[in-house]
Amino acid sequence: MSKPASYWRLRPFVYRLEGSRCVKCGHFHPLVRKVCRRCGSKNLERDRLPATGILRHFTVVSQAQQGMEKNTPFIVAWVEMDDGSKVVAQMTDCEPEDLKPAMKVETVVRKIKVDGESRLIFYGIKFRPSA
Ligand SMILES: [Zn+2]
C-alpha cells in the first residue's frame, strides 16, 4: 500500500503545484520538506511552481503500467517551468505533431489513472500547449 500513501503525500503538489522552496539556494521540492536536498539549508518556505513553462523534450508512450493502458498512446513532456524548475508530466489536448521544442505550455488538472482494485480515480497535473 505504499503507492496510495505517497500519492496522498504528493497531493498538494499534483493539485496545486505546491511544495517547498529553499530560501538560500532557490531549489524547489515537490513535497513539504524541512531540509533542502540540494544545499542542506533548513530555511524553506511553502511555495508554488509557476503554472507555465517551456517544453524541452517529449516522448510518445505506447505501453503503460496497469490502470493507464486505456490512455495509450500518450505524450510525456519534460518542461522547464518559468522559475527554472523541471517537471515531467503528460501532455493533453494535443497530438505529437502539434508539439515543437521550446513552445510555451501550461498546467491543467486532469484524470491520470483509475486504480484497478479500488476504482479510485487519480487526478494530477498535465501540460497543454499554452493559448
Ligand atoms: Zn537549498
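Along the sequence shown, residues carry numbers from 1. Whatever order the structure lists ligands and atoms in, that order sets their numbers, starting from 1.
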Open item on the list: Strictly under 2.8 Å, how many protein N, O or S atoms lie near the Zn ion (ligand 1)? Waters don't count.
Closed with: 4
Task: From R46 atom CZ to S20 atom OG, the distance as rounded to the nearest 0.5 Å - done: 8.0 Å
- [ ] Can you measure from CE (M91) to CG (L99) and round to the nearest 0.5 angstrom?
- [x] 5.0 Å
TODO: Look only at the side chain of R21 and the backbone of G26, and say whether a donor-acceptor pair between them is shorter than 3.5 Å.
DONE: yes
Open item on the list: Closer than 3.5 angstrom, by distance alone: can the side chain of K126 be matched with the main-chain N or O of K111 as a donor-acceptor pair?
Closed with: yes
Open item on the list: Can you tell whether the side chains of R48 and D83 come within less than 4.0 Å, N to carboxylate O?
Closed with: no
Open item on the list: Counting only heavy atoms not in E97 (residues, nucleotides, ligands), do more than 12 fall under 6.0 Å from its CD?
Closed with: yes
